[in-house]
Amino acid sequence: MTTPHAEGAHRSRRDTDGAHLSRRRLLGAALAAGVVLIAEPTAVTAHAATGDVTLTAGGISLLASIGGRLAIRDAAGVTRSAGSKFQIKDQETGIHLSTGGTPVLAALPDGTPAIRMDYTFDAAAGATTVTGWFSVSTGHARLEWRITGADTLLPDGFLFSRAIQAPTAPDDYIAITEWVRDTGGGIPYEETAGVAHTSTWGSLHGLFLLDRSRQAWTNATWIHAPGTADPAGGWTSEADFFFSETRPSATATIGRGVELGLELTTDSDFNLYDTPGEPMQLTALVANGGAARTAELELSVRDFDGTQLAATTVTGSIAAAGTWQHTFTVPAPAAGVVFAEVVVRSGTDEAFARTNLATLPAFTYQAGADSMFGIANYPWLQRPSADAVLDLWQRAGISLVRIAYDGGPGLPPSAFDARGMRHNIELQPELDVSDTAAEAWAADKLAVAQGAGAGYFEVGNELNRPFNEGTAAVAYLNMALRPVFDRRAVTGDTVKLMNNGLAGMDKPWVENFIAAGGWDLIDAFAYHPGRGNFTPDYIPPGDDWSTGSAGTYWNFYGGLKQLKALMAQHGEKEIWLTEAYAPTKPNSWWHDTYRHAAENVLLTLALAKAEGVTCVCWYQFHDSVLGMPQIADPDNVEYHYGLMNRDLSPKPSLLAYATAARALDQATFQGHLTFPDPQTFGLWFDTPDGPAVVLWNRADGYLLNTAGERADWHFPAPEVWADPWPTKTHLTVTAGNAVRELDAIGRSRQLPTAQGKVTLTLDGAPRVFYGLTPVAGPDGDTLAGCC
């Protein structure tokens with residue numbers, strides 16, 4: 001996925017604003033000083049024998065041995081984790097593993113007993129030194145490695161070994177987050193407070209807690225433990241290990257001495273419920289890393305219109321280093337989504353958390369292979385399970401996945417075949433290779449596509465840089481697409497071919513591609529209609545669209561119309577939008593607010609259906625990035641493309657996708673509607689339920705997030721329930737027996753009629769109407785009785 005950024009230095013405000021020092025940063029300062037708090041500390045005992053050193057505290061002990069072995073043992077002395085190696089990476093000489101280690105009994109600067117482990121490496125590692133410093137306190141082990149060596153060492157390539165002994169459940173990778181208020185104004189967001197690699201032995205839990213760590217670089221043997229620069233020289237790699245009997249978030253709060261922490265969970269996967277009005281159970285888990293206290297827990301729940309559905313406060317007591325759990329009951333809405341915030345307060349300390357809960361009833365889709373609704377990448381975040389994710393995909397109307405092949409990321413093709421879901425494939429070539437290498441790649445990857453049973457092979461992804469110049473088209477054609485086309489002619493494979501999904505509708509690239517003979521080699525045309533703070537129906541004036549950080553090149557409808565014009569000249573192809581999106585990076589004027597995103601999802605899909613697009617693959621399903629799933633990253637735009645939030649709860653965008661999939665499931669486009677007011681727009685579809693009309697008005701313009709002054713990318717986004725459209729336009733038309741309005745998130749209401757007429761209230765948000773009468777006319781299609 002490529003998308004422009006409004007400013008190059010997105011991190012500047014949050015990193016330099018002295019008014020915002022999160023508890024995570026205070027914690028980081030405490031850890032740097034060696035301060036890790038826990039209630040009721042126990043004495044530490046140390047023992048050194050020939051070749052072995054032992055440290056013991058309440059509930060935990062460490063055993064270090066010759067060879068570099070470090071064992072973590074529980075209160076009964078049972079080894080739960082054991083490892084013996086440290087890995088470094090040098091950008092010139094590659095990866096090096098320690099070959100041994102010698103432990104000695106030592107002490108930290110404050111006198112705390114510690115194990116010092118001096119690791120050995122072979123000569124290829126050069127002058128690298130790695131020294132481990134390990135200490136214990138109640139239920140907690142502190143692990144630190146100090147590394148020195150050449151300037152070519154890559155601190156992001158540090159790992160330590162560990163093997164979990166006899167776990168009773170699979171290990172997991174859990175993001176620890178905290179919610180913060182934006183000091184620049186706007187909506188709150190989550191920041192990462194750590195990453196936990198968790199293990200389970202019956203009721204006993206253990207976790208390695210790090211400031212950051214990639215899941216993709218962690219396995220059953222190694223934990224990724226990136227280093228940070230040491231002011232004295234070299235780097236330091238750190239991890240904490242905790243034994244506990246509570247959830248990872250609470251363990252992190254208590255173990256690291258944060259006064260209050262809060263986590264929200266519900267009694268339903270994805271916080272989704274089937275039945276309108278069904279009671280929803282929202283559980284708040286409060287963790288206390290300090291002394292015993294009394295606290296207040298305050299719940300507030302609002303719907304999409306801002307109506308407060310619940311407001312209640314309860315009081316409870318929390319033991320030192322303990323937890324308090326309370327479950328609230330919230331009525332599910334008749335349709336749509338509600339937004340919950342829980343705040344816990346005790347004295348001057350406060351923590352809060354947010355989540356969404358929604359109703360999404362079951363629906364039987366009928367379009368089958370004619371469905372336009374897809375997803376742009378494989379289901380790589382399979383929480384709570386792969387089946388649960390696929391259940392939700394099909395419930396929302398997703399009928400095709402862009403990428404699936406055996407041995408690839410996500411699920412294999414058989415998982416989709418079992419559910420009757422279609423699947424394609426996209427594989428990325430290298431263009432700077434020899435003809436022989438290009439032919440070998442084509443043969444290999446065409447065999448992968450055919451073996452996967454892919455309907456279409458999208459030959460590459462976003463290989464049109466530099467954008468809007470066209471210079472990359474011929475190299476792509478010669479070194480990627482033509483070799484695959486030629487190979488297909490030899491093998492007789494039936495998979496259809498697409499060009500690489502272009503980043504933006506790159507007209508110069510397409511023109512050069514056509515001129516070089518590429519048009520006859522593809523069965524379908526693929527591109528990614530990037531969009532900035534423009535409504536999806538915006539068509540920029542002229543053809544000289546800037547590709548800069550706020551360029552008009554990044555629009556939806558103008559690019560689609562441009563492509564249709566080229567097809568009218570050179571021949572029709574299937575149109576595949578293999579990545580379409582509505583990213584919700586918080587408080588960024590270039591990106592959608594959560595409310596705009598829902599509206600834009602519906603309008604994007606409706607316009608695509610009207611223009612005969614074969615398939616729209618939405619990018620992507622979850623907020624997260626591959627390799628670091630659910631790691632909160634407010635400044636990384638790539639993280640914010642999902643239909644689902646980081647905590648697996650639904651964004652309004654998910655409901656908008658489902659609303660479009662249901663309304664347009666068997667729809668046939670009949671025409672654009674015109675009205676006396678040139679700022680009112682409509683799309684007319686025929687459906688099994690009668691005419692469905694999508695209407696909206698642009699009295700408030702096509703640009704989003706324009707309020708206030710902007711010195712940089714920051715925009716204080718309104719809460720999702722705030723109506724962003726001040727101008728309301730009324731349209732009176734002929735009414736049928738009943739007129740029903742469906743908003744972007746699927747909420748339905750009957751509109752009052754009088755004397756065969758109904759008055760519709762329109763604004764910038766698209767709505768679907770049933771019970772109206774579209775009519776064709778010599779001056780354009782319109783609605784009967786329009787005045």
Side-chain angles (χ1 to χ4, degrees), residues 270 272 360-382 386-405 408 410-426 449 452-458 494-496 498 501 523-524 526 528-529 574-582 601-602 604-622 641-644 650 653-669 685 687-689 692 746 768:
F270 310 109
L272 282 171
L360 185 62
F363 185 85
T364 302
Y365 297 91
Q366 301 291 341
D370 293 328
S371 174
M372 182 188 75
F373 296 91
I375 200 77
N377 63 349
Y378 30 80
W380 50 267
L381 181 55
Q382 295 163 25
D387 280 338
V389 171
L390 292 185
D391 286 346
L392 180 53
W393 278 21
Q394 293 190 292
R395 186 171 167 185
I398 294 168
S399 68
L400 175 141
V401 60
R402 179 189 180 202
I403 305 171
Y405 58 98
L411 297 171
S414 59
F416 303 108
D417 292 337
R419 290 172 171 263
M421 298 178 71
R422 296 168 294 146
H423 46 88
N424 291 344
I425 197 168
E426 179 273 314
Y456 293 76
F457 180 5
E458 187 177 350
T494 58
V495 62
K496 295 182 178 181
M498 296 182 195
D523 302 291
H528 304 161
E574 293 182 20
I575 299 174
W576 284 67
L577 307 182
T578 52
E579 290 183 11
Y581 52 79
V601 168
L602 176 59
T604 295
L605 293 169
L607 289 170
K609 186 73 172 180
E611 295 297 333
V613 171
T614 301
C615 189
V616 180
C617 297
W618 206 263
Y619 186 89
Q620 60 179 334
F621 194 65
H622 290 105
Y641 283 95
L643 295 171
M644 307 289 288
S653 296
L654 175 78
L655 302 184
Y657 185 101
T659 298
R662 295 173 183 205
L664 303 175
D665 180 45
Q666 299 180 79
T668 302
F669 181 62
F685 299 92
T687 78
D689 295 326
V768 185

Between D391 and R419, is a side-chain contact (heavy atoms from CB on, under 4.5 Å) present by the stated rule, with each step listed? CA-CA 9 Å; D391 286 346; R419 290 172 171 263; 2.8 Å; yes

Angle between ring planes, F416 versus W393, binned at 30° and 60°: parallel, tilted or perpendicular? parallel

Side-chain (R422) to main-chain (G374) donor-acceptor, under 3.5 angstrom: no

P413 versus H423, closest heavy-atom pair with distance: CB-CE1, 3.5 Å

Do side-chain atoms of Y619 reach the backbone of T578 as a donor and acceptor pair under 3.5 angstrom? no

Taking the side chain as every heavy atom from C-beta outward, state whether Y581 and Q620 have any pair of such atoms under 4.5 Å apart. no

What's the spacing between I575 CD1 and T614 OG1 if we round to 0.5 Å? 7.0 Å

Roughly how far, to the nearest 0.5 Å, is CD of E426 from SG of C617? 11.0 Å

Which pairs with one or both residues in residues 604-619 pass salt bridge (Lys or Arg N to Asp or Glu O under 4.0 Å), sequence neighbours excluded? K561-E611, K564-E611

Is there a side-chain contact between F270 and V389 in this structure, where contact means two heavy atoms from C-beta onward sitting under 4.5 Å apart? yes

Side-chain heavy-atom pair L654, M644 within 4.5 angstrom cut-off: yes

Straight-line distance of Q666 CD to S371 OG, nearest 0.5 Å: 10.5 Å

Which salt bridge (Lys or Arg N to Asp or Glu O under 4.0 Å) pairs, counting each pair once, include a residue from residues 362-374, with sequence neighbours left out? none

CG of L392 to CG of D387, rounded to nearest 0.5 Å, is 12.5 Å

Hey, are the side chains of L605 and W618 touching, using non-hydrogen atoms and a 4.5 Å cut-off? yes

If you take all heavy atoms of A692 and T687, which pair is closest and at what distance? CB-CG2, 3.8 Å

Please evaluate residues L390 and L411 with respect to the criterion side-chain contact (heavy atoms from CB on, under 4.5 Å), reporting the C-alpha separation (whole Å), side-chain torsions for both, the decisive distance (0.1 Å), and the verdict. CA-CA 10 Å; L390 292 185; L411 297 171; 3.7 Å; yes

Just to verify, what does Y378 make a side chain to side chain donor-acceptor pair (under 3.5 Å) with, not counting sequence neighbours? none

Tell me the closest heavy-atom pair linking Y657 and A396, and the distance in Å. CD2-O, 3.5 Å

Do any N or O atoms from the side chain of S399 and from the backbone of F373 form a donor-acceptor pair under 3.5 angstrom? yes

Smallest separation among heavy atoms of L360 and A658, with atom names: CD1-CB, 3.9 Å

So, for L400 and W576, which heavy atoms are closest and what is the spacing to 0.1 Å? CD1-CH2, 3.8 Å

For the CD1 atom of I398 and the OH atom of Y365, what is their distance to the nearest 0.5 Å? 9.0 Å

Find the distance between CZ (R662) and OG1 (T364) and round it off to the nearest 0.5 Å. 9.0 Å

Which heavy atom in N377 sits nearest to a heavy atom in R402, and how many Å separate them? N-CB, 4.5 Å

Please confirm whether the backbone N or O of Y456 pairs with a side-chain atom of N424, one donor and one acceptor, at under 3.5 Å? yes

